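Atoms within each ligand, like the ligands themselves, are counted from 1 in listed order. What you are looking at is a predicted structure, and each value in this text was computed from that prediction instead of being measured.
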Amino acid sequence: MIQVESLSKTYELGGNTVHALDQVSMRVNDGEMVAITGPSGSGKSTLMHILGCLDTPDSGIYRLAGENVAGLSSDRLAEIRNQRIGFVFQTFNLLPRLSSQENVELPLLYAHRRDAKEQAAEALGIVGLADRMHHSPNQLSGGQRQRVAIARAIVTNPAMLLADEPTGNLDSKTGLEILELFQTLNAQGRTIVVVTHDTDVAQRSGRVIRILDGHIMDE
Ligand code: ADP
């Protein structure tokens, strides 16, 4: 699913060169659930932005579902993001004026799909919120908001789910429920990459990739 070879990214800051990613190589197989962990400043966000096609590396290869996306234009990257990647964020990123169903429909509307309403309802059913379709985010708990966000991420049937600290804003019990939902989605065959500090998340993932100072420590 993901094949990364010798990926490097540097930032220039105040005359210093920061090697945020230094010749990083890794892969994620189809159907895996992988956690990427590491201390603050280790390069997790940089890697996540590249894996999510939000940023491009200075050098190296990134193949997503067979296509080298490292050198593509920003328009093509936007297309790939919409078609192949489902994002889940720490802060849910739902639109407050829209209902759960309308939030989940959005990626399908961007893709001009006519069956958006039905697909959104189905995705909300998968995450256990069939009875909350017409609620707005402020009528939902944190865990329910994250479920809506996960429904939005899976509604396009993407090749990969990419989650950035998905339990970071939740209490531990709710975080665990969200983690169990990711495990269920993974057991149904979805490929999941989670960037996290949370040791529970790492322990419940099939594999942990540790990153330190822009290097992969072990896999
Ligand atoms: P993490 O997500 O693990 O906290 P980051 O990927 O955000 O790590 O950062 C890796 C390194 O790159 C850090 O040393 C950070 O200060 C540096 N860095 C990240 N983004 C920028 C930027 N836009 N400009 C300069 N340095 C940056």
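Surrounding OH of Y110 are at most 12 heavy atoms belonging to other residues, nucleotides or ligands under 6.0 Å away.
The parts of T46 lying near ligand 1 are both backbone and side chain, judged by heavy-atom distances below 4.0 Å.
Counting heavy atoms from C-beta outward, S100 and L124 have side chains that approach closer than 4.5 Å. Considering only heavy atoms from C-beta on, I50 stays 4.5 Å or farther from T56 through its side chain.
For the residue pair E5/S25, the side-chain donor-acceptor check at 3.5 Å is not satisfied. No side-chain donor-acceptor contact under 3.5 Å links S73 and D75.
For atom 22 (C) of ligand 1, a protein non-hydrogen atom is found at a distance below 4.0 Å. The presence of a protein heavy atom under 4.0 Å from atom 16 (O) of ligand 1 is ruled out.
With respect to atom 14 (O) of ligand 1, the closest heavy atom belonging to the protein is V18 CG1, 3.5 Å. Remark: minimum distance from atom 1 (P) of ligand 1 to any protein heavy atom is reached at G41 N, 3.4 Å. The protein heavy atom nearest to atom 27 (C) of ligand 1 is Y11 CD1, 3.2 Å.
The shell of residues lying under 4.0 angstrom from ligand 1, judged by heavy atoms, excludes G214. At least one heavy atom of G43 sits under 4.0 Å from some atom of ligand 1.
Interface atoms of ligand 1 facing A20, defined by a heavy-atom separation under 4.0 Å, are 10 (C), 11 (C), 12 (O).
Contacts of R190 classified as side chain to side chain donor-acceptor pair (under 3.5 Å), with partners at least two apart in sequence or in another chain: Q188.
In this comparison of P39, S45, G38, S42, the heavy atom closest to atom 2 (O) of ligand 1 sits on S45.
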Pairs under 3.5 angstrom only: tabulate donor-acceptor contacts from the side chains of residues 171-181 to other protein residues two or more places apart or in another chain.
{"from": "D171", "atom 1": "OD1", "to": "K173", "atom 2": "N", "distance (Å)": "3.1"}
{"from": "D171", "atom 1": "OD1", "to": "T174", "atom 2": "N", "distance (Å)": "2.9"}
{"from": "D171", "atom 1": "OD1", "to": "T174", "atom 2": "OG1", "distance (Å)": "3.0"}
{"from": "D171", "atom 1": "OD2", "to": "T174", "atom 2": "OG1", "distance (Å)": "2.8"}
{"from": "K173", "atom 1": "NZ", "to": "E177", "atom 2": "OE2", "distance (Å)": "3.3"}

